[in-house]
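Structure first, commentary second.
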Amino acid sequence: MTDKTAELKTEGGDYQYPVLPGSVGPDVIDIRKLYGQTGKFTYDPGFTSTASCQSAITYIDGDKGVLLHRGYPIDQLAEHSTFMEVAYLLLHGDLPKKDELEDFSKTITYHTMVHEQIVHFFRGFRRDAHPMSVMCGVVGALSAFYHDSTDITDPTQRLVASHRMIAKMPTIAAMAYKYSIGQPFLYPQNDLSYTGNFLRMTFGVPAETYEVNPVIERAMDRIFILHADHEQNASTSTVRLAGSSGANPFACIAAGIACLWGPAHGGANEAALNMLREIGDAKNVKSYVDRAKDKNDPFRLMGFGHRVYKNYDPRAKVMQQTAEEVLKELNISDPVLDVARELEQIALSDEYFIEKKLYPNVDFYSGIILNAIGFPTEMFTALFALARTTGWVAQWNEMISDPEQKIGRPRQLYVGATQRDYVPVGER
Ligand code: SDX
């Protein structure tokens with residue numbers, strides 16, 4: 001605890017609230033007693049100054065461009081780790097020993113198949129349904145198949161549900177893609193890595209053997225690492241809020257998928273590539289930057305800006321390096337990459353972006369890589385959801401195990417009509 005306090009002076013009296021320190025980063029003012037003592041709420045639309053929980057999973061320093069997962073910097077994890085190892089780290093708190101990693105990877109591998117009846121869900125969608133609509137629907141339905149892991153009070157069931165979610169997201173995402181192009185689903189193949197298995201289920205066909213390209217496999221695995229978790233972002237907060245009511249984990253993850261879909265959040269990777277394609281040529285960049293600066297124009301540079309990062313998003317740096325690597329490996333010279341580089345250069349030297357501290361975020365370069373690997377734009381956010389499921393289940397488990405946890409129920413500043421009497425329709 002702490003002896004530091006914050007003082008609040010109101011017309012009804014002066015109050016002191018404890019200031020709680022974290023292991024690193026901003027302190028918090030514990031205002032849990034504020035309404036009971038003052039009869040007032042705090043007001044913070046978008047939660048720009050609100051800590052919703054205590055967490056030990058991910059730390060972000062937006063000014064320094066720092067992102068730590070259980071204390072490990074994202075650039076070190078992207079360089080030296082694997083997505084399976086990062087999934088273990090997020091879920092259990094420490095890097096696994098060799099045998100722990102092997103056991104974890106094997107457990108995940110043996111949960112990658114989905115119930116055969118889930119195949120029929122896909123038949124209900126139009127072939128041109130957006131993959132995120134399919135992911136919302138199919139993941140939400142998983143609770144109908146796994147009743148043996150929906151009791152959130154049982155730690156064993158929580159762990160099994162977490163393993164199932166991490167394991168089945170690649171299978172479901174690959175199925176969503178296959179369904180959209182009219183190709184048959186491929187079953188998981190247990191002798192492949194998590195990411196290699198996903199690439200085969202996505203791009204393989206029954207008619208021939210699929211060879212996983214190790215450079216693409218490494219790049220995809222790194223992209224999953226970069227998207228694994230990110231503190232209390234909108235979709236993670238959605239998962240926590242859904243989970244706070246006791247909803248089953250599959251329903252909570254489906255809620256997270258729905259929130260991630262928005263273009264201001266995970267949908268930005270799809271929107272960013274569409275924007276870069278619309279710009280089309282480096283010579284058009286300046287006019288789009290001018291539009292982004294125009295208060296009367298709703299256009300924003302997709303893949304730019306961030307609520308927390310007021311310096312470079314460390315994930316964007318790794319993503320840019322990966323883009324160069326993948327395009328070189330595939331011998332692709334994508335003009336969109338030149339547009340992205342020009343846009344970044346112009347924007348980062350423009351007074352508006354400097355003053356508002358707008359930098360490329362994780363979504364700015366990811367679409368270029370995913371497009372080069374062969375994913376259609378509509379699949380980009382589904383891939384984000386696949387990777388972020390690991391963070392969502394880690395955060396969900398942490399929330400359920402938190403002794404301070406209770407159902408999330410914010411209040412409001414009411415600005416509607418005060419009480420008035422009903423008027424019969426003939427007298428209005
Ligand atoms: C993700 O939270 C997370 O951690 C999310 C994420 C994760 O891993 O979970 O990191 C993933 O969602 C990354 C962000 C992806 N979204 C985009 O790329 C969409 C474009 N970016 C913006 O919509 C915006 O930057 C947000 C939504 C990301 C952040 O918005 P904020 O923090 O609410 O900031 P704001 O909208 O209040 O903008 C502050 C100012 C405004 O100008 P003023 O009203 O102060 O004059 O900056 C301007 C905005 O108009 N601005 C932009 C801009 N982003 C903000 N102007 C032009 N282009 C942009 N992209």
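Both counts, for ligands and for their atoms, begin at 1 and track the order of listing.
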(Q) For F380 and H227, I'd like to know if the aromatic rings sit close, meaning centre-to-centre distance below 6.0 Å. (A) no

Q) Centre of F299's six-membered ring, under 6.0 Å away, within 45 degrees of the axis: is that where NZ or CZ of R291 sits? A) yes

Q. Below 6.0 angstrom between ring centroids: does that apply to Y179 and F125?
A. no

Q: Heavy-atom cut-off of under 4.0 Å around ligand 1: list whichever protein residues fall inside it, by chain and number.
A: H230, N233, P263, A264, H265, A268, A292, K295, R300, L301, M302, G303, F304, G305, H306, R307, R315, Y352, K356, L358, N361, D363, F384, R388

Q: Compare all side-chain heavy atoms of D229 with those of Q395 and state whether any distance is below 4.5 angstrom.
A: yes

Q. Between N361 (side chain) and D313 (backbone), is there a donor-acceptor pair under 3.5 Å?
A. no

Q | With sequence neighbours excluded, residues passing side chain to side chain donor-acceptor pair (under 3.5 Å) with N248 | A | none

